[in-house]
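Everything below concerns the one structure shown next.
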2 protein chains.
Amino acid sequence: MSDLDQGSEAETLSARFERGNLFAAPCPSRDVLSHVSSRWGVLVLIGLQTGTYRFSELRRKMGGVSEKMLAQTLQALVRDGFVHRVSHPVVPPFVEYSLTPMGKEVAVRVAGLADWIEENLLRVLEAREQADQSS
Amino acid sequence: MSDLDQGSEAETLSARFERGNLFAAPCPSRDVLSHVSSRWGVLVLIGLQTGTYRFSELRRKMGGVSEKMLAQTLQALVRDGFVHRVSHPVVPPFVEYSLTPMGKEVAVRVAGLADWIEENLLRVLEAREQADQSS
DNA sequence: CCGCATCCTAGAAGATACTG
DNA sequence: CAGTATCTTCTAGGATGCGG
């Protein structure tokens with residue numbers, strides 16, 4: 001109940017954005033991108049590439065997420081069809097998260113970007129030093 | 001003058017993060033990622049893939065950026081060494097932005113992700129509909 | 001154990017006005 | 001034209017408490 005939940009359903013949208021266009025301000029693709037490339041969205045997608053995890057497992061796996069943000073992030077990704085959620089109705093609760101086929105496709109792209117950054121971190125930090133000196 | 005500008009220079013950081021690790025909370029790679037995957041960062045990188053642009057050209061090209069946010073985004077990308085800025089000292093001012101070699105490398109990844117989303121928007125929107133119904 | 005609801009604050013982001 | 005400065009608005013995100 002946050003962003004684009006007006007009555008206009010996908011039908012109407014697809015008429016105007018058969019293929020998404022990120023450069024058009026009102027295109028829902030921006031919304032999807034924001035979920036996927038959000039601070040925690042990236043980490044969840046990458047984290048789930050290795051398999052199925054429980055909520056707290058996932059939480060422990062990634063440094064510094066609050067319960068709330070992880071839950072929120074997961075909800076968005078589940079809603080967009082990237083993450084599969086299985087809730088076992090037992091007590092204590094037991095919920096598992098994994099990537100859907102669609103989720104795996106995006107995860108590959110996200111991981112590609114993330115890996116590049118991790119591998120080239122030093123280059124970037126060096127560039128920063130230079131930039132900072134000439135200021 | 002924002003996040004990780006303590007006296008500890010890249011030297012110290014590289015000792016602990018020779019290769020970045022996004023799952024470690026204090027790793028600067030998160031910072032870099034946030035610039036690159038930010039709402040406007042993505043659009044700038046993709047927009048500049050086609051060539052060199054002036055500030056207002058770029059601003060017109062992407063829907064809905066404020067002057068301030070574009071300037072801010074560009075500064076971050078310039079500092080990280082992804083974008084090259086050339087300022088011609090004439091009047092009226094004339095400033096051009098383009099991708100550095102390093103910028104081109106990330107841009108490819110970012111574009112890969114963005115393209116996937118644009119191409120598969122409908123699939124995602126459909127998934128959403130289903131998810132929304134069963135609520 | 002999972003995760004929702006509430007409250008609250010810091011920083012992101014927009015609008016506007018002004019300068020070299 | 002290409003920004004900076006300022007002011008306001010909005011949202012991301014953290015802390016806490018509760019319920020299943």
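Order of the sequence lines fixes the chain letters, A, B, ..., with proteins taken first and strands second; residue numbering starts at 1 for each chain. It should be emphasised that the depicted structure is a prediction, and the values quoted were computed from it without experimental measurement.
- As a whole-Å value, the separation of A:Q72 CD from C:dA5 P is 11 Å.
- A straight line from CE of B:M69 to P of D:dC10 spans 16 Å, rounded to a whole angstrom.
- For the pair A:D31 CG and D:dA12 P, the interatomic distance rounds to 10 Å; values are reported in whole Å.
- The CZ atom of A:R85 sits 8 Å away from the C1' atom of C:dG3 (whole-angstrom rounding).
- Following rounding to the nearest Å, A:M62 (CE) and D:dG13 (C1') show an atom-to-atom distance of 13 Å.
- Counting to the nearest Å, the C1' atom of D:dG20 and the CZ atom of A:F94 are 17 Å from each other.
- Within the nucleic acid shown, B:E96 has no heavy atom closer than 4.0 Å to any nucleic acid atom.
- Taking atom CG of residue B:L70 and atom P of nucleotide C:dT16, one finds them 18 Å apart after rounding to whole Å.
- Nearer to the 5' terminus of DNA chain D, by closest-nucleotide assignment, is the contact made by A:W40 (compared with the other of A:P92 and A:W40).
- Here A:Y97 reaches the OP1 or OP2 of C:dG3: one of its side-chain N or O atoms lies under 4.0 Å away.
- Among the nucleotides D:dG3, C:dG3, D:dC1, the one closest to any side-chain atom of B:R54 is D:dC1.
- Atom-to-atom, CG of B:L58 to C1' of D:dG3 comes out at 14 Å; the value is rounded to the nearest Å.
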